[in-house]
Enquirer: 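Let me give you the structure first, and then I'll get to my questions.
Keep in mind that the numbers below use all heavy atoms, side chains included, and drop hydrogens, waters and symmetry copies. Residue numbering restarts at 1 for every chain, and letters A, B, ... go by the order of the sequence lines.
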Number of protein chains: 2
Amino acid sequence: MFHMEPEVLERFTWYMREQSALTVMFHARVAEQMGLSATDEKCLDLAMRADGPLTAGRIAELSGLSTGAVTGVIDRLERAGYVRRVRDPHDRRKVLVEVTVGDVDKFGAPFEKARDSLVEVLGHFDDAELEVIERYLQLQIGTFRKRVIDT
Amino acid sequence: MFHMEPEVLERFTWYMREQSALTVMFHARVAEQMGLSATDEKCLDLAMRADGPLTAGRIAELSGLSTGAVTGVIDRLERAGYVRRVRDPHDRRKVLVEVTVGDVDKFGAPFEKARDSLVEVLGHFDDAELEVIERYLQLQIGTFRKRVIDT
DNA sequence: GGGAATTCTCTTACTGGCTAAGATGTTCCA
DNA sequence: TGGAACATCTTAGCCAGTAAGAGAATTCCC
């Protein structure tokens, strides 16, 4: 790895910080738009990004909430029509949380605006540059998850 | 602007989504590490990223909390030693919230790990590539703020 | 200049979500 | 089969949030 100028690192740190703050604001907007609390939206996002349906307990682990709190979260999400409780046929103690909305991106202005914003940004780069950016994003996500989150 | 392949957009959308979720987890880690609630950490972050000291009312606007809630937030942050209340000498109704910790990046493992992660990622790119990535980040932050947040 | 209206923060009463602990129902295994 | 382990739900109590209004300072306007 070659030498990294301190000013470069400082600038990129600022970008990360700014992105981070914008992300928090974005989540607040989405939650408000969907008529959910930040906690409920966060749990719904977890359930939607997962491969299969999550169990209530797994949502508690991932969200950091108690199992009791998750019961309330699922109650509210179910009442709002975003998810459905399904008992796991292989282990009837478990409750699987099935997301009943096809595609989240359909939900509300914030997602549409975010997609439009992404299209506009990507439009400023040619294929070779997009390749660099994509490699950066993949590396950034993988490295951050490994070194910061999964610890 | 040239044609954007749907698969490309889909992949980048996934990256955004993943970054977004990691960011939320990161904030939760930072808050836990600092002994603060998510709300308190969010407000402290607002105060730290601002140019000068913010007023209590401005924090309420930016955070979306009521002014009453912000009073409690500042109470807790002040008790924990992160900020200090200072009456604005030019308008003594106002309460300026001064951050008393020099540099946030000094706080706890999550920030250090995030910086290490960033250094590792950037190390995989040469100067020309970094220039592309930096231009992407600047555009992404500016466009997202303009089209998604400031509305 | 001075009284009224406005602005800013804090206080209060109340609501609602969170945790901890235990209850209920299910599965695993000796 | 019976008991231990497990997954979720329920309950009681607590704490942070909102809304409304009080108190203090400032600005407006005659």
Enquirer: Without placing hydrogens or testing angles, list every side-chain donor-acceptor pair under 3.5 Å for residues 141-150 of chain B, not counting sequence neighbours.
Expert:
{"residue": "Thr143(B)", "atom": "OG1", "partner": "Leu139(B)", "partner atom": "O", "Å": "2.6"}
{"residue": "Arg145(B)", "atom": "NH2", "partner": "Glu18(A)", "partner atom": "OE2", "Å": "2.5"}
{"residue": "Arg147(B)", "atom": "NH1", "partner": "Glu120(A)", "partner atom": "OE1", "Å": "2.2"}

Enquirer: Walk along nucleotides 17-30 of chain C from 5' to 3' and tag each nucleotide B, S or - by protein heavy-atom contact under 4.0 Å, base first, then sugar-phosphate.
Expert: SSB-----BBS---
Enquirer: Among residues at least two apart in sequence or on other chains, which ones pass salt bridge (charged side-chain N to carboxylate O under 4.0 Å, His left out) with Asp75(A)?
Expert: Arg85(A)
Enquirer: First locate atom CE of Met16(B), then atom OG1 of Thr23(B), and finally report the distance between them rounded to the nearest 0.5 Å.
Expert: 10.0 Å
Enquirer: Provide the full list of salt bridge (Lys or Arg N to Asp or Glu O under 4.0 Å) pairs with a residue in residues 6-16 of chain B, sequence neighbours left out, each pair given once.
Expert: Glu134(A)-Arg11(B)
Enquirer: Taking DNA chain D as the partner, which of residues 51-63 of chain A come within under 4.0 angstrom of it by heavy atom?
Expert: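 Close to the strand are Thr55(A), Ala56(A), Gly57(A).
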Enquirer: Measure CG/Leu96(A) against P/dC9(D) and give the value in whole Å, please.
Expert: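 Distance check: Leu96(A) CG to dC9(D) P gives 11 Å.
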Enquirer: Please collect all salt bridge (Lys or Arg N to Asp or Glu O under 4.0 Å) contacts where either partner lies in residues 26-42 of chain B, sequence neighbours excluded, each pair once.
Expert: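 As it turns out, the salt bridge (Lys or Arg N to Asp or Glu O under 4.0 Å) pairs with a partner in residues 26-42 of chain B, which skip direct neighbours, are Asp40(B)-Arg76(B).
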Enquirer: Salt bridge or not for Glu61(A) and Arg58(A), using N-O below 4.0 Å?
Expert: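 Looking at Arg58(A) together with Glu61(A), the answer is yes, because their closest N to O distance falls below 4.0 Å.
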Enquirer: One thing to verify: whether Asp45(B) and Arg17(A) come together as a salt bridge, which I'm taking to mean a side-chain N less than 4.0 angstrom from a carboxylate O.
Expert: yes
Enquirer: Could you check how far NZ of Lys94(B) sits from C1' of dG23(D), rounded to whole Å?
Expert: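 Lys94(B) atom NZ is separated from dG23(D) atom C1' by 18 Å.
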Enquirer: Whole Å only: how far is the CG atom of Leu36(B) from the C1' atom of dA16(D)?
Expert: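 In whole Å, dA16(D) C1' lies 14 Å from Leu36(B) CG.
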Enquirer: Would you mind reading off the distance between Ile74(B) atom CD1 and dC8(C) atom P, rounded to a whole angstrom?
Expert: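 Atom-to-atom, Ile74(B) to dC8(C), this comes out as 14 Å.
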Enquirer: Would you check if Tyr15(B) and Tyr136(A) make a side-chain contact, meaning some heavy-atom pair closer than 4.5 Å?
Expert: no
